[in-house]
Colleague: 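Sharing a structure with you now.
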Amino acid sequence: MVETEYQNKVYEGWHSHNNAHITLFLKGGTTEKRKNFSETVGSGSLLFYHSDELHLNQNTLFPSRNINIEIEENFLKNLQLTENILEKAIQNSVLTKFLILKIFKETITADAFSSDSITMLFSQLSNTHKHLDRYEKSPYWVKSLNELLNDCWNENPNLHDLAQVLQLNPITISKHFPKYFGCTLGEYMRRIKINRSLSLIQLNQSNLTEISLECGFADQSHFIRTFKNLTGFLPKQFQKL
């Protein structure tokens with residue numbers, strides 16, 4: 001794992017990495033080109049690269065700061081993972097960001113337990129693709145619910161209100177939610193809120209009280225506790241990355 005900061009123009013030619021590679025953008029951004037597509041990514045974006053996959057970067061913003069994880073083939077084999085499973089798993093981008101941040105925190109505050117902790121955190125990615133498979137084959141209301149929750153990300157919807165909007169029995173949502181989302185409704189909403197706060201914190205244009213209220217938390221202390229629980233960092237620590 002490497003934290004990289006770009007202050008000046010970088011190499012813009014085609015290149016590749018020997019191993020599978022995940023990049024989380026903390027600040028800045030770039031235009032990423034692959035063989036069959038091109039996209040512009042910025043703060044909070046995730047990119048996955050297969051081993052030896054050619055790509056190039058153009059129009060990089062300065063400064064840009066990334067967290068990069070290179071995954072050796074033997075490490076994947078030990079966890080009974082493949083690159084394709086990994087690529088599928090990180091489509092759950094919010095959870096992946098949090099796991100990467102927790103892994104990064106372990107490398108910063110390394111102790112006797114960090115190696116095993118990192119392996120255990122990384123292995124959680126192997127479970128996320130299972131929920132994604134179920135989600136893709138889910139009933140119509142599941143995707144409608146997901147859109148609804150992301151639209152009201154800074155609110156605090158309850159089960160009864162959601163069921164009314166979707167014209168469902170609240171028990172239906174309660175019973176099946178973990179199957180398709182991999183967590184409870186409360187946990188899912190907290191993930192959405194903290195994910196939104198990442199870019200707000202890095203912009204450094206608002207204080208934590210303003211950010212916590214904007215993200216729908218009752219108070220700053222609740223926001224700070226939730227942020228640390230999901231990312232491993234205190235908001236002020238994350239701001240300094």
Colleague: Angle class for the Phe104/Phe233 ring planes (parallel below 30°, perpendicular above 60°, tilted otherwise)?
Modeller: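 Rings of Phe104 and Phe233: tilted, 30 to 60°.
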Colleague: Taking the six-membered ring for Trp, are Phe122 and Phe75 parallel (under 30°), tilted (30 to 60°) or perpendicular (over 60°)?
Modeller: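 Perpendicular: the ring planes of Phe122 and Phe75 meet at over 60°.
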Colleague: Looking at CG of Leu24 and CD of Glu3, how far apart are the two atoms once the value is rounded to the nearest 0.5 Å?
Modeller: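 Reported value, rounded in 0.5 Å steps: 10.0 Å.
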Colleague: For Ser221 and Asp219: C-alpha separation, side-chain torsions, deciding distance, then whether side-chain hydrogen bond (donor to acceptor under 3.5 Å, both in side chains) applies.
Modeller: CA-CA 6 Å; Ser221 61; Asp219 53 60; 2.6 Å; yes
Colleague: Heavy-atom distance under 4.5 Å between the side chains of Glu210 and Glu214, does that happen here?
Modeller: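 Contact flag for Glu210/Glu214 side chains = no.
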Colleague: Restricting to non-hydrogen atoms, name the atom on Leu230 and the atom on Ile194 that form the minimum distance, rounded to 0.1 Å.
Modeller: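 Reported closest heavy-atom pair: CD1-CG1, 3.7 Å.
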Colleague: Residues in side chain to side chain donor-acceptor pair (under 3.5 Å) with Glu155, at least two apart?
Modeller: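 By the side chain to side chain donor-acceptor pair (under 3.5 Å) rule, Glu155 matches no residue at all.
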Colleague: Determine whether His222 and Arg225 satisfy the following criterion, side-chain hydrogen bond (donor to acceptor under 3.5 Å, both in side chains), listing intermediate values before the conclusion.
Modeller: CA-CA 5 Å; His222 183 207; Arg225 287 196 306 272; 5.0 Å; no
Colleague: Would you mind writing out the side-chain donor-acceptor pairs for residues 181-191 within the sub-3.5 Å range, not counting sequence neighbours?
Modeller:
{"from": "Thr184", "atom 1": "OG1", "to": "Glu187", "atom 2": "N", "distance (Å)": "3.2"}
{"from": "Tyr188", "atom 1": "OH", "to": "Asn146", "atom 2": "OD1", "distance (Å)": "2.4"}

Colleague: Just so I know, are the side chains of Trp141 and His176 near enough to count as touching, which here means a heavy-atom distance under 4.5 Å?
Modeller: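 With C-beta onward as the side chain, the pair touches.
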Colleague: Could you pull out the closest heavy-atom pair between Leu149 and Pro157, with the gap in Å?
Modeller: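 Scanning both residues completely, I find the closest heavy atoms to be CD2-CG, 4.1 Å.
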Colleague: Any side-chain heavy-atom pair from Leu198 and Phe227 closer than 4.5 angstrom?
Modeller: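 Result yes, sub-4.5 Å side-chain heavy-atom pair found.
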Colleague: Given side-chain hydrogen bond (donor to acceptor under 3.5 Å, both in side chains), test Asp111 with Ser114 step by step and report yes or no.
Modeller: CA-CA 5 Å; Asp111 59 23; Ser114 291; 3.3 Å; yes
Colleague: Compare all side-chain heavy atoms of Glu106 with those of Met120 and state whether any distance is below 4.5 angstrom.
Modeller: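 Counting from C-beta outward, Glu106 and Met120 never come under 4.5 Å.
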Colleague: If I compare all heavy atoms of Val2 with all of Thr4, which pair ends up nearest, and what's the gap?
Modeller: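 The answer is CG1-OG1, 3.7 Å.
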Colleague: State, to 0.1 Å, how close Glu12 and Asn59 come at their nearest heavy-atom pair, and which atoms those are.
Modeller: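 So the minimum-distance heavy-atom pair works out to OE2-N, 3.7 Å.
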Colleague: What do the steps show when you test Thr209 against Gln220 for side-chain hydrogen bond (donor to acceptor under 3.5 Å, both in side chains), and what is the final call?
Modeller: CA-CA 5 Å; Thr209 300; Gln220 182 177 324; 2.5 Å; yes
Colleague: What is the minimum heavy-atom distance between Arg196 and Ser199, and which atoms define it?
Modeller: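 Smallest interatomic distance, heavy atoms only, reads O-OG, 3.3 Å.
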Colleague: With the side chain counted from C-beta on, respond yes when Leu145 and Leu166 share a heavy-atom pair under 4.5 Å apart, and no when they do not.
Modeller: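 Yes; the side chains approach each other to less than 4.5 Å.
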Colleague: Which pair of heavy atoms, one from Glu70 and one from Asn18, lies closest together, and at what distance?
Modeller: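 Glu70 and Asn18 have their closest heavy atoms at OE2-N, 4.3 Å.
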Colleague: Classify the ring geometry between His17 and His15 as parallel (under 30°), tilted (30 to 60°) or perpendicular (over 60°).
Modeller: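 Perpendicular, since the angle between the ring planes exceeds 60°.
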